[in-house]
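Structure first, then comments.
All values reported here derive from a predicted model rather than from experimental measurement. Per chain, numbering begins at 1; letters A, B, ... match sequence-line order.
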2 protein chains.
Amino acid sequence: MARKVSRRGGNIVTIHDVARHVGVSPMTVSRVINGEKNVREETRKKVAEAIEALNYSPNMAARSLASQDSSRIALIYSNPSMSFLSELLLGILHQSSQSGCQLIIESCEGPEGVADVLDKLKSLGVDGVVLPPPLSDSTRVAKALREMGLPFVGVATSRPSPDAASVSIDDFKAAFAMTQRLIALGHRRIGFIKGNPNSYYSQLRHEGYIAALTKAGLTPEDKLIGQGYFTYRSGFDAAESLLMRDERPTALFASNDDMAAGAVASAHRLGLDVPRDVTIVGFDDTSMASSVWPELTTVRQPISDMASLGLKMLLEQIRTRRSGQPYAPVHEIRDFAIIERQSSSAPGEDATD
Amino acid sequence: MARKVSRRGGNIVTIHDVARHVGVSPMTVSRVINGEKNVREETRKKVAEAIEALNYSPNMAARSLASQDSSRIALIYSNPSMSFLSELLLGILHQSSQSGCQLIIESCEGPEGVADVLDKLKSLGVDGVVLPPPLSDSTRVAKALREMGLPFVGVATSRPSPDAASVSIDDFKAAFAMTQRLIALGHRRIGFIKGNPNSYYSQLRHEGYIAALTKAGLTPEDKLIGQGYFTYRSGFDAAESLLMRDERPTALFASNDDMAAGAVASAHRLGLDVPRDVTIVGFDDTSMASSVWPELTTVRQPISDMASLGLKMLLEQIRTRRSGQPYAPVHEIRDFAIIERQSSSAPGEDATD
DNA sequence: GCTGGAAATGGTAGCGGTATCATAACGGCT
DNA sequence: AGCCGTTATGATACCGCTACCATTTCCAGC
């Protein structure tokens, strides 16, 4: 039986093989892999080439065993917006297999659930926590984590805080850009459906909308603004009251995709065609955006990338902390993109050209 | 600086600690942990107690390093039905951290994508593959995998095949049960929206529906059946033509949630209230089911459990194969559940009681 | 009681990396 | 040239666990 040849397509390339191939010690190879300094540029290059040539990839098990730093990272989520979650998971998963860290996924329902989960984390000996929205926005959670001395990172929208890292897009700018886009299409009466008032990014998106209108010389009007709570139903209701006005808006900007989908349903119910009679756009580009019909024009957040980067930052933070050095939290901003689909067009005109 | 005390809530318990505590060698402890035979019952018990007492948990990194059997498992998905995927991921993740296997997630788009991905798997040295629908249904993929000599497991609906394991619910029985439920509510004209004709489980669900009607003495009618393709849009269209008939059905059973959601939208557009004017139910209980309004009555598959079990079976299969023993593929069936939400009621009556 | 073979247990040597400290090579300076 | 403080590299010892083989224990059978 081929024993030690079972994995990796037939032959196991170790750090020793690479070392021998180049004519250096394994230690030097290790240094190159981990991007440590104190390696001559020339050596680094040779090693890198050998790694490439031999198609070497480090054994995570060995690495985490030797370095004693197999971190346990928990991902806590509370909002069962599965579509968001799954993209997040993809990113996290990718990064965790790269970094060889152990992942624990916990859901917490309701306010008292948070305490339970945190207790559990403590007993599990978790080293750090990844927080997607809406938890990333919660000062209560942040406070609890801080008291436990657990480092954490907020992914996709979180109130910048001096002692926690975060990765997000610029929600204000994104909402601003999307609103500008609607204006550029020719819309003048643009409605807006706000998200949950507790959430910070909901505010930012609202402000971005207002700012874009103002900049274009349009007056933001209260009667064009509906209050939603990030749910489909709330989007449905808010859109209904907005669209039943005498002078109904020609475009509706919902601050997430679920609400936008609800708004589309509401428009349909009122006998309005989307986008011919009313343009409706969303935010996030979750799977909801492309599973309804017409598919939603929306703002895309690179959720997977953000998650991946977030985890990476978290691990770095943990490592820095362990070595006793001070850690300055990083707030990383990623680019968003406006995705044009079938739910938007110029006012009074069909998009299907 | 506390160095070697960084993980697991403060102190690292190793197999040596357990051994010392009991007064045996680490080897014996290892045997107990791995459930090997040739350990006296008495010894086993003492070791088990010590493990409990010291709250020991094995170090996965060390284990997989030493035993050389860290399996790499790939999850290949093609249908970007994110809500389904995320629940699957949750289950897989849970199991993989338990079993200490490395996970690789790959998406493949389109038919030629499959070949690319399989190439990649080969070069990555993957040991086994988890296949969610619709890939789990594809004989082409199964054939390719078989030729590569890669074990795989189909999760949630897969054509039972003699040489591949699978975990699924009984789609026929589930559709049967849901149809019976609608009949029990008093519905007699029950429409059905079929899924993609290529897919096996789509057929099973259709057959379940027919069987239940027949058993209740109702005649299945072709004009009550619409063809869909598992997409929102296709559900919308199919429902539209079904609901515009003179004698429109009082209930619509869509063979997945996306189509059911589309059907709801279509009903709304026609000015019909759900469920007062028409009951609409779905299948799968993906996040779509609870994010639209009214929330969908649907058949729940325990996706996360199924995925977890599937991975476990796959790992077992790999281990068995490695040891050179023959492996008889297992087809595991899990229970489904019918989830009643707001989209269903007795005909001609409002559900909100 | 002694023997032999199976069952139970222990000792040793790594798995593939990295921490740590020692050593060698490299300039910059007097 | 000689000295010294860096900077680059190497040797060694593990990390926690298991494979493998050696050893001990146990008990049946003579």
Donor-acceptor contact below 3.5 Å, side chain A:Asp17 vs main chain A:Thr14
yes

Does a side-chain N or O of A:Thr43 approach OP1 or OP2 of D:dT9 to a distance below 4.0 Å, or not?
yes

Which whole-number value in Å describes the distance from B:Ile33 CD1 to D:dG16 C1'?
10 Å

Distance, rounded to the nearest Å, where A:Glu42 contributes CD and D:dA8 contributes P:
12 Å

From CD1 of A:Ile15 over to P of D:dC14, roughly how many Å is that when rounded to an integer?
20 Å

Would you mind telling me which of D:dT9, D:dG16, C:dG17 lies closest to the side-chain atoms of A:Tyr56?
C:dG17

Short side-chain N/O contact to D:dG16 OP1/OP2 from B:Asn59, under 4.0 Å:
no

For A:Asp17 and C:dG16, give me the distance from atom CG to atom P, rounded to whole Å.
9 Å

For B:Ser166 and B:His331, which I'm curious about, is there any donor-acceptor pair between the side chains at under 3.5 Å?
yes

So does A:Asn34 get a side-chain nitrogen or oxygen closer than 4.0 Å to the phosphate oxygens (OP1/OP2) of C:dT18?
yes

Could you state the CG-P distance from A:Asn38 to D:dT7, rounded to the nearest angstrom?
7 Å

side-chain N/O A:Ser30 vs C:dG17 OP1/OP2, d < 4.0 Å:
no

Between B:Arg31 and C:dA8, is there a contact of a side-chain N or O with OP1 or OP2 at under 4.0 Å?
no

Does some side-chain heavy atom of B:Ile169 sit less than 4.5 Å from a side-chain heavy atom of B:Pro302?
yes

Taking 4.0 Å as the cut-off, does a side-chain nitrogen or oxygen of A:Ser25 come that near to OP1 or OP2 on D:dT9?
no

Does the side chain of B:Thr14 get closer than 4.0 angstrom to OP1 or OP2 of D:dC15 through an N or O atom?
no

Round to the nearest Å and state the distance from B:Lys46 atom NZ to C:dA8 atom C1'.
13 Å

Quick check on C:dC15: is either OP1 or OP2 less than 4.0 Å from any side-chain nitrogen or oxygen of B:Ser67?
no

Measuring only between side-chain heavy atoms, which start at C-beta, is A:Leu131 closer than 4.5 Å to A:Tyr77?
no

According to a strict under-4.0 Å criterion, is B:Ser64 in side-chain N/O contact with OP1 or OP2 of C:dC15?
no

Can you check the A:Arg40 CZ to C:dG27 C1' distance for me, whole Å?
13 Å

Counting side-chain heavy atoms from C-beta on, which of D:dC20, C:dT18, C:dT9 comes nearest to B:Met27?
D:dC20

B:Arg63 side-chain N/O to D:dG16 phosphate OP1/OP2 under 4.0 Å
no

Charged N-O contact under 4.0 Å between B:Lys45 and B:Glu41
no

In whole angstroms, how far is the C1' atom of C:dG10 from the CD atom of B:Glu36?
14 Å

